[in-house]
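Counting from 1, the numbers follow the sequence of the chain as shown. Note that this is a predicted model, so its numbers are computed, not measured.
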Amino acid sequence: MPATTQPIRWTQQQPAPAALAERVEFLLWVPPKASITWEHEVIPDANVDLLLELSDERCRAFLYGPLTRSIHVPTQAGYGYFVVHFHPGAMPRLVDASPAELVNGAVELKEFGGISLDTLGERMLAAGSLEPMCQVLTPLLQRVPYPPGDSFDRALRHMLARPETLRPGALADALHLSTRTLQRAFKERVGFSPGTYARIARLQEALSALREHPTRSISEVAHRVGYADHAHMTREFRELTGRTPSDFRQPAAAPTPVAFVQAPGEVRHVASGP
């Protein structure tokens with residue numbers, strides 16, 4: 001989970017319901033607060049997010065791709081934000097674009113699940129809170145096509161089952177695949193190479209350790225998550241986030257932890273559907 005800051009007090013979050021658990025990691029709802037805005041920090045991750053931006057006047061839907069760099073974006077006062085955070089490699093076929101085309105970018109949907117966005121927005125706001133909103137959205141998400149299982153899924157299971165970080169060549173050998181096949185599988189499912197995926201996954205693990213164990217030294221965290229040393233971890237943090245590991249120990253004013261907003265200039269309007 002790409003959390004860089006502490007959730008604001010009215011954020012509602014829950015794991016995916018059983019019907020979506022294979023594809024979705026969690027769902028999150030930030031209700032409208034008419035007088036509240038904040039700058040949202042998003043750090044690199046390999047996940048895709050569906051964002052519904054809701055108000056009484058309109059509903060907008062965006063599909064945001066994986067990130068290889070950090071960005072900062074302000075939210076809008078008076079809008080609610082509903083987020084579906086998909087597992088890595090589980091990008092739904094809502095748009096005519098590949099994960100590689102969405103890296104560090106986003107597309108805006110014109111409809112969702114066969115209904116207009118205005119209708120969807122009315123249903124979601126009428127539901128009022130996270131659990132009933134999930135009940136509105138789940139049947140629509142179940143109808144969406146998802147990528148079939150392939151070499152990426154095998155590689156991901158292998159990586160998650162082992163604490164050490166394998167180089168792409170060693171990972172391919174362990175799975176009895178060619179390096180080229182492995183590279184292609186990652187490119188098709190997450191948009192970038194297994195090496196980049198491993199760097200981002202380790203960054204996320206380090207961030208979790210920094211938040212959950214604030215008394216541990218940076219050197220100890222670096223050792224536990226597989227960096228060669230403190231200096232290597234700091235260099236990776238600077239390259240991927242523009243900040244040092246110590247920066248993420250500090251309380252942050254920007255409170256929302258999910259990668260759901262990109263720079264406005266990167267949003268493209270496309271038709272939904274595979």
Side-chain angles (χ1 to χ4, degrees), residues 1-3 14-28 43-50 63-68 83-107 113 134 137-208 225-226 240 258-260 272-274:
M1 168 178 158
Q14 69 174 46
L20 301 176
E22 185 178 350
R23 301 298 182 184
V24 174
E25 184 176 336
F26 64 82
L27 303 104
L28 179 144
I43 63 166
D45 76 352
N47 306 70
V48 168
D49 291 279
L50 172 67
L63 193 67
Y64 292 93
L67 294 173
T68 61
V83 180
V84 181
H85 190 67
F86 294 92
H87 288 298
M91 174 176 154
R93 293 178 180 172
L94 289 168
V95 296
D96 187 17
S98 69
E101 293 173 306
L102 287 185
V103 170
N104 298 324
V107 291
C134 290
L137 204 58
T138 293
L140 302 178
L141 288 170
Q142 286 181 288
R143 295 184 211 146
V144 177
Y146 294 92
D150 59 13
S151 299
F152 169 80
D153 298 283
R154 290 178 55 206
L156 187 59
R157 287 194 297 269
H158 189 89
M159 295 170 74
L160 293 174
R162 289 157 180 79
E164 74 278 6
T165 300
L166 294 179
R167 293 185 179 278
L171 180 59
D173 290 343
L175 297 170
H176 306 291
L177 299 171
S178 69
T179 301
R180 184 175 181 178
T181 296
L182 184 66
Q183 296 275 359
R184 184 172 61 249
F186 270 76
K187 187 77 171 180
E188 290 175 353
R189 293 288 295 277
V190 298
F192 39 67
S193 72
T196 298
Y197 177 90
R199 289 181 70 197
I200 290 172
R202 185 166 57 178
L203 170 75
Q204 291 289 342
E205 186 178 359
L207 284 166
S208 294
V225 302
L240 292 171
V258 181
F260 61 67
S272 59

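Taking the six-membered ring for Trp and thresholds of 30 and 60 degrees, F186 and F152 have ring planes more than 60 degrees apart, a perpendicular arrangement.
Inter-residue side-chain proximity for D45 and Q204 is flagged as met; some heavy-atom pair is nearer than 4.5 Å. Between P17 and L27, some side-chain heavy-atom pair lies under the 4.5 Å cut-off. Contact check for T196 versus P44: no side-chain heavy atoms found under the 4.5 Å cut-off. A heavy-atom distance below 4.5 Å is found between the side chains of Y197 and M159. Residues P66 and N47 have side chains not in contact (no heavy-atom distance under 4.5 Å, counting atoms from C-beta outward). Annotation: side chain of V107 is not in contact with side chain of E101 (no heavy-atom distance under 4.5 Å).
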(request) Please report the C-alpha distance between M91 and L102 in whole Å, then the side-chain angles of each, then the deciding distance to 0.1 Å, and finally whether the side chain to side chain contact (heavy atoms under 4.5 Å, CB included) criterion is met. (result) CA-CA 10 Å; M91 174 176 154; L102 287 185; 3.6 Å; yes
(request) Just do the side chain to side chain contact (heavy atoms under 4.5 Å, CB included) check on L141 and F86 with the steps written out, would you? (result) CA-CA 11 Å; L141 288 170; F86 294 92; 4.2 Å; yes
(request) Determine, stepwise, if the pair I43 / L240 fulfils side chain to side chain contact (heavy atoms under 4.5 Å, CB included). (result) CA-CA 8 Å; I43 63 166; L240 292 171; over 6 Å; no
(request) Please lay out, stage by stage, how T68 and R199 fare under the test side chain to side chain contact (heavy atoms under 4.5 Å, CB included). (result) CA-CA 10 Å; T68 61; R199 289 181 70 197; over 6 Å; no
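R202 contributes a side-chain N or O that, together with a main-chain N or O of G226, makes up a donor-acceptor pair within less than 3.5 Å. No side-chain donor-acceptor contact under 3.5 Å links R23 to the backbone of A90.
Evaluation of the side-chain contact (heavy atoms from CB on, under 4.5 Å) rule for P168 yields Q183, P194 as partners, not counting sequence neighbours. Qualifying salt bridge (charged side-chain N to carboxylate O under 4.0 Å, His left out) partners for R154, counting only residues two or more places apart in sequence or in other chains: none.
Minimum interatomic distance between I200 and A46 (heavy atoms only, all atoms of both residues): CG2-N, 4.1 Å. Minimum heavy-atom separation, Q142 to L20: CG-CD2, 4.0 Å. The minimum heavy-atom distance between P92 and V144, with the atom names listed, is CB-CG1, 3.5 Å. Considering all non-hydrogen atoms of both residues, H87 and V24 come closest at NE2-O, 3.2 Å. Taking each heavy atom of L50 and L94 in turn, the nearest pair found is CD1-CD1, 4.2 Å. The two residues K187 and A100 come nearest to each other via the heavy atoms CE-CB, 4.0 Å.
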Report all side-chain donor-acceptor pairs from residues 171-181 shorter than 3.5 Å, counting only partners two or more places apart or in another chain.
from: S178; atom 1: OG; to: T181; atom 2: N; distance (Å): 3.0
from: S178; atom 1: OG; to: T181; atom 2: OG1; distance (Å): 2.7

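Considering CG of D150 and CD of E188, their distance stands at 7.0 Å, rounded to 0.5 Å.
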